[in-house]
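When a ligand or atom number is given, it counts from 1 through the structure's own listing order. Treat the numbers as computed from the prediction; the structure is a model and nothing was measured. Positions are given from 1, in the same order as the sequence printed here.
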Amino acid sequence: MARHIDILEHPQTAIEVATATLAQGLPIGLPTETVYGLAADATNPAAITRIYETKGRPRFNPLICHMSDLAMAERYAVFDPISRKLAEAFWPGPLTLVLPLRSDSGIHPLATAGLDTVGIRVPQGFAGELIRAFGRPLAAPSANTSGKISATSADHVSDDLGERITLILDAGASVVGVESTIVKVEDGEMRLLRPGGLAATEIERVTGKALKRKKKASAAIEAPGMMASHYAPGAAVRLEAKEVFADEALIRFGTPVIAGIENAVAVLDLSPAGDLPEAAANLFDFMKRADATGAATIAFSHIPDEGLGEAINDRLRRAAAPRE
Ligand code: AMP
Ligand code: MG
């Protein structure tokens with residue numbers, strides 16, 4: 001079973017044990033403001049292989065490389081002016097930039113799935129300090145079995161991966177609760193590769209430019225086969241619920257009128273006040289709790305598509321997508 005270290009009670013021990021574990025090429029459970037990461041040395045092929053094996057993740061799916069600050073990131077990737085402006089505005093924070101990789105970067109091709117670009121993020125707080133102490137970038141996907149609900153607490157990590165890793169650092173619940181927003185700048189245009197914990201409007205405000213979406217959310221719903229199933233609980237997932245049926249757990253946002261609520265196996269409120277950041281922070285934990293009730297289906301009431309709602313709805317559509 002993995003050793004747990006509380007980083008608030010024992011920050012120095014956490015840094016020392018974590019850097020020693022990473023130096024051995026072993027992945028660790030690492031708290032960040034978005035979700036908990038399964039982090040390993042991005043320059044060590046054996047370490048990166050262990051990330052893919054521990055998660056059961058397909059190797060064509062590249063990993064985000066985490067840096068301590070912009071200066072460190074500039075040693076590994078080439079920044080265009082718009083990407084640099086975004087980095088200066090939002091790092092440390094829940095924004096990943098996809099950038100051309102420097103040829104001599106030392107980041108192993110396994111981390112980037114052989115691409116000539118790299119996804120880079122500077123996380124807030126302890127994770128950034130650990131990277132500074134370690135001196136090398138950390139490749140880190142979310143600390144959960146591939147395709148399952150992301151981990152937002154040390155207990156989530158230990159329930160899922162505790163038998164397969166040696167160290168989990170504990171910083172309580174992740175404050176943002178959904179993964180980073182991923183942006184790629186190409187020919188002076190900003191493309192949104194994944195909505196996430198930084199609202200698209202914030203990115204547009206700072207740059208004065210529109211973010212281009214890959215495809216409209218509605219098109220994605222009409223063509224569910226286009227979307228890989230991800231973030232999947234054991235239960236089925238039903239969206240835009242206006243009523244609840246027997247055998248269903250209900251996850252609500254705000255105070256909607258839901259018919260048949262007395263039928264629900266459980267009712268969980270993402271944010272009674274209708275606050276999207278609060279809902280994002282609760283999302284994955286509530287999905288796990290609803291799943292643990294044994295309900296056949298988890299029904300979600302409508303969640304607006306603005307601000308962090310764009311990231312929440314992206315995760316919910318994938319959770320509801322047909323599974324293999
Ligand atoms: P995850 O670790 O599951 O949050 O996923 C990280 C995601 O980052 C991947 O699924 C990709 O969509 C994206 N990503 C990472 N690196 C790159 C890259 N070099 N080019 C495009 N997307 C990337
Ligand atoms: Mg993930």
Side-chain angles (χ1 to χ4, degrees), residues 27 29-40 42 48 50-67 73 76-80 83 93-103 105 107-123 127 137-153 156-157 160-161 174 176-186 190-198 212-215 220 226-233 280 283-285 287-288 311-312 314-319 321:
L30 176 66
T32 84
E33 76 277 36
T34 56
V35 300
Y36 273 63
L38 183 65
I48 303 160
R50 288 191 184 100
I51 293 179
Y52 286 105
E53 283 173 355
T54 303
K55 281 181 62 82
R57 179 177 172 111
R59 283 165 203 241
F60 54 77
N61 195 358
L63 305 174
I64 293 170
C65 293
H66 296 74
M67 308 281 171
Y76 294 89
V78 182
F79 282 71
D80 60 275
S83 294
L95 173 69
T96 294
L97 295 168
V98 173
L99 301 159
L101 190 61
R102 288 192 189 278
S103 53
S105 77
I107 289 179
H108 196 272
L110 272 171
T112 56
L115 298 171
D116 55 8
T117 56
V118 57
I120 294 187
R121 183 169 101 79
V122 174
L138 296 181
S142 55
N144 50 270
T145 304
S146 186
K148 299 297 179 198
I149 301 170
S150 306
T152 55
S153 72
H156 293 166
V157 182
D160 191 349
L161 305 179
S174 295
V176 176
V178 291
E179 295 82 351
S180 58
T181 302
I182 306 182
V183 171
K184 184 178 187 183
V185 177
E186 271 174 320
M190 302 189 300
R191 282 208 300 132
L192 181 66
L193 300 188
R194 175 178 75 185
L198 177 65
K212 298 203 160 178
R213 265 71 170 178
K214 249 195 307 194
K215 51 180 174 279
M226 298 288 289
M227 292 192 311
S229 165
H230 213 92
Y231 311 102
L283 180 68
F284 291 133
D285 185 53
M287 283 171 74
K288 283 171 184 275
I312 295 172
D314 170 80
R315 306 306 185 266
L316 292 184
R317 280 195 297 274
R318 291 175 205 270

Going by side chain to side chain contact (heavy atoms under 4.5 Å, CB included), name the residues that satisfy it together with R50, two or more places apart in sequence or in a different chain. L26, P27, A46

Applying side-chain contact (heavy atoms from CB on, under 4.5 Å) to I107 and L101, what does each step give before you reach the verdict? CA-CA 9 Å; I107 289 179; L101 190 61; 4.2 Å; yes

With only distance considered, is E179 within less than 3.5 Å of ligand 1 through an N or O on each side? no

Please state which part of L115 comes within less than 4.0 Å of ligand 1, counting heavy atoms only: side chain, backbone, both or neither. side chain

Heavy-atom nearest neighbour of atom 1 (P) of ligand 1 within options H230, K184, R57, R191: R57

Verdict with reasoning, L97 to K184, per side-chain contact (heavy atoms from CB on, under 4.5 Å): CA-CA 6 Å; L97 295 168; K184 184 178 187 183; over 6 Å; no

How close does the nearest protein non-hydrogen atom get to atom 4 (O) of ligand 1, and which residue and atom is it? R194 NH1, 2.7 Å

Enumerate donor-acceptor pairs with a distance under 3.5 Å from any side-chain N or O in residues 115-123 to protein atoms, sequence neighbours excluded.
from, atom 1, to, atom 2, distance (Å)
R121, NH1, E33, OE2, 2.9
R121, NH1, G93, O, 2.8
R121, NH2, T32, OG1, 3.2
R121, NH2, E33, OE1, 3.3
R121, NH2, T34, OG1, 3.4

OH (Y52) and CZ (F60) are apart, to the nearest 0.5 Å, by 10.0 Å

Using a strict 4.0 Å threshold on nitrogen-to-oxygen distance, state whether E179 and R194 make a salt bridge. no

So, T96 versus S180: side-chain donor-acceptor pair below 3.5 Å or not? yes

Going by atom types only, do N144 and H156 share a side-chain donor-acceptor pair under 3.5 Å? no

Can you sort out which atoms of ligand 1 are near G119, meaning under 4.0 Å from one of its heavy atoms? 16 (N), 19 (N)

protein heavy-atom neighbour closest to atom 23 (C) of ligand 1 works out as P62 CG, 3.7 Å

Who pairs with R102 by side chain to side chain contact (heavy atoms under 4.5 Å, CB included), at least two apart in sequence or on another chain? V78, D104, S105

The answer for which part of V118 has a heavy atom under 4.0 Å from ligand 1 is backbone

Out of V98, N144, V178, who is nearest to atom 21 (C) of ligand 1 when you count heavy atoms only? V98

Tell me, which protein residue and heavy-atom name are nearest atom 19 (N) of ligand 1, and how many Å apart are they? T117 OG1, 2.9 Å

Decide yes or no on side-chain contact (heavy atoms from CB on, under 4.5 Å) for Y76 and C65, but give the supporting numbers first. CA-CA 10 Å; Y76 294 89; C65 293; over 6 Å; no

What atoms of ligand 1 come closer than 4.0 angstrom to any heavy atom of P141? 2 (O)

Suppose we measure from atom 10 (O) of ligand 1 to each protein heavy atom; which comes out shortest, and what is that distance? N61 OD1, 2.7 Å

CG-NZ distance between D160 and K288, expressed to the nearest 0.5 angstrom: 6.0 Å

Protein residue, atom and distance nearest to atom 12 (O) of ligand 1, heavy-atom basis: I182 CD1, 4.4 Å

S142 to ligand 1: N or O pair under 3.5 Å? no

Ignoring waters, how many N, O or S atoms from the protein are under 2.8 Å from the Mg ion (ligand 2)? 1

Between OH of Y231 and CD1 of I149, what distance do you get to the nearest 0.5 Å? 11.5 Å

